[in-house]
K.L.:
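Sharing a structure with you now.
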Amino acid sequence: MKKILVTGAAGQIGSELTITLRDKYGAENVWAADRKPALTELQPGPFYSLDVRDVSTFNQIVEANHIDTIFHLAALLSTVAEQKPQQAWDVNMNGLINVLKISRIHQCALFFPSSIAAFGMETPPMDTPQDTIQRPTTLYGISKVSGELLCDYYHHRFGVDARGLRYPGLISSKTPPGGGTTDYAVDIFYAAIKSQHYDCFLRADTQLDMMYMPDAIDAAINLMTADSRQLKHRNAFNITAMSFNPQQLAAEIQKHIPEFTIAYHVDPLRQAIADSWPRHMNDSAAKVEWGWQAQFDLPAMVEDMLKNMRSTQ
Ligand code: NAD
Ligand code: SER
């Protein structure tokens, strides 16, 4: 990785990934791009306004800057995708096809984040295997499975070094999430600090895989720098750090804020999405093939989130 482009750089993952990559590889070697304007944190380094569906501008950016690695994060997330299915298909699939074509032309390595959403009701929900039945029932999940398959296709057919992870719900304190079903696990911290109460849109017992952002960033960089000879799967690796439900997260927050309370006002759309996803994935392939290991469990994540959020409020 010498010249890196991050699409969707103003989002929850992109804003933190870009800064970490700039610290590691030099600000002048990491280009950020998004349809949204640059965040203040991204302004010291190069930034492009880019809609990933515009293949010509996308290609020019890669060519002009001799990009060799692309982290392709631009997408619409699960809840927004159910609200705007056609737009989500357009952005998630045509954006990915464009970046695959461009990666082929310019021989770029490509990172594509898939998700727990790539699984469906027929998938084993506990200890979900790396290789198993998928058949998601959400538009977002369908775009992720299709994306996983397209990345494999471009690798086998055209030699594109396309790698990827199935991220669980991601929790972070810097940039708010962009419209996913796991967003409750971030919103709860803002509410706990501001009003010591949270109205949760998922049922108390909705167990899902989750991960703290520093682990998610490390995972992306470690996968992209792993020796390709060790990678049997290369793409769509299950990874997880913890698995909990809203009641368990609230109990952990109460250890730090005893007056914190939670109530449940279930949103049927988001509950149905969450109910279609696995509860806890098996991530042994990632551990064996490229040494994946999470640093943050539930207590460590809650402690660090509250510390970071209090220091910025
Ligand atoms: P986000 O919504 O916070 O950020 C996505 C960014 O993409 C936004 O800044 C948005 O402006 C940009 N974008 C949207 N449409 C675009 C377009 N047409 N052209 C250019 N930019 C566009 O999402 P995120 O949480 O940072 O997720 C990044 C990637 O990781 C996505 O592919 C998402 O599916 C995947 N992922 C995220 C999570 C999570 O919990 N955050 C979990 C699994 C997978
Ligand atoms: N966290 C994401 C979402 O809820 C899963 O990919 O959409």
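The figures here come from the full heavy-atom set of this structure, side chains too, leaving out hydrogens, waters and symmetry mates. Read the numbers this way: they start at 1 and go in the same order the structure lists the ligands and their atoms.
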K.L.:
Rounded at 0.5 Å granularity, tell me how far CD1 in Ile4 sits from CD1 in Ile221.
P.N.:
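If we round to the nearest 0.5 Å, Ile4:CD1 and Ile221:CD1 are 8.0 Å apart.
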K.L.:
Tell me, please: is Trp277 in heavy-atom contact with ligand 2, that is, under 4.0 Å?
P.N.:
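A heavy atom of Trp277 does come that close to ligand 2.
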K.L.:
Which ligand 2 atoms, with their elements, are less than 4.0 angstrom from a heavy-atom of Thr181?
P.N.:
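Taking each heavy atom of Thr181 in turn, ligand 2 has 3 (C), 4 (O), 7 (O) under 4.0 Å.
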K.L.:
Are a donor atom and an acceptor atom from the side chains of Arg53 and Asn94 found within less than 3.5 Å of each other?
P.N.:
no
K.L.:
To the nearest 0.5 angstrom, please state how far the CZ atom of Arg279 sits from the CG atom of Asp209.
P.N.:
10.0 Å
K.L.:
Below 4.5 Å, heavy atoms only, C-beta onward: do Phe201 and Gln271 meet side chain to side chain?
P.N.:
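Not in contact.
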K.L.:
Distance to 0.1 Å, residue and atom name: give those for the protein heavy atom nearest to atom 5 (C) of ligand 2.
P.N.:
Ser115 OG, 3.3 Å
K.L.:
Would you please say whether a donor-acceptor pair under 3.5 Å links the side chains of Asp304 and Asn308?
P.N.:
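There is such a pair between these side chains.
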K.L.:
Would Asp183 count as a polar contact of ligand 2, with the cut-off being nitrogen or oxygen pairs under 3.5 Å?
P.N.:
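There is no such contact.
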K.L.:
Is ligand 2 under 4.0 Å from a heavy atom in the side chain of Ser78, in the backbone, in both, or in neither?
P.N.:
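Answer for Ser78: both.
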K.L.:
What atoms in ligand 2 come closer than 4.0 Å to a heavy atom of Tyr140?
P.N.:
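Those qualifying, in numeric order: 5 (C), 6 (O), 7 (O).
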K.L.:
If I compare all heavy atoms of Ile262 with all of Ala250, which pair ends up nearest, and what's the gap?
P.N.:
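Closest approach of Ile262 to Ala250: CG2-CB, 3.8 Å.
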K.L.:
Using atom types as modelled and distance alone, determine if a side-chain donor or acceptor of Arg163 lies under 3.5 Å from a backbone N or O of Ala226.
P.N.:
yes
K.L.:
Let me confirm one number: the OG-CD distance from Ser172 to Gln12, rounded to the nearest 0.5 Å.
P.N.:
3.5 Å
K.L.:
Closest non-hydrogen protein atom to atom 1 (N) of ligand 2, residue and atom name please, with distance?
P.N.:
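Here the closest protein heavy atom is Thr182 OG1, 2.7 Å.
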K.L.:
Tell me the residues surrounding ligand 1, counting only those with a heavy atom closer than 4.0 angstrom, sorted by chain and number.
P.N.:
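Residues Gly8, Ala10, Gly11, Gln12, Ile13, Asp34, Arg35, Lys36, Leu50, Asp51, Val52, Arg53, Leu73, Ala74, Ala75, Leu77, Val91, Pro113, Ser114, Ser115, Tyr140, Lys144, Tyr167, Pro168, Gly169, Leu170, Gly178, Thr182 each place a heavy atom under 4.0 Å from ligand 1, listed by chain and number.
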K.L.:
For the atom pair CZ (Phe189) and CG (Leu306), what is the distance rounded to the nearest 0.5 Å?
P.N.:
5.5 Å
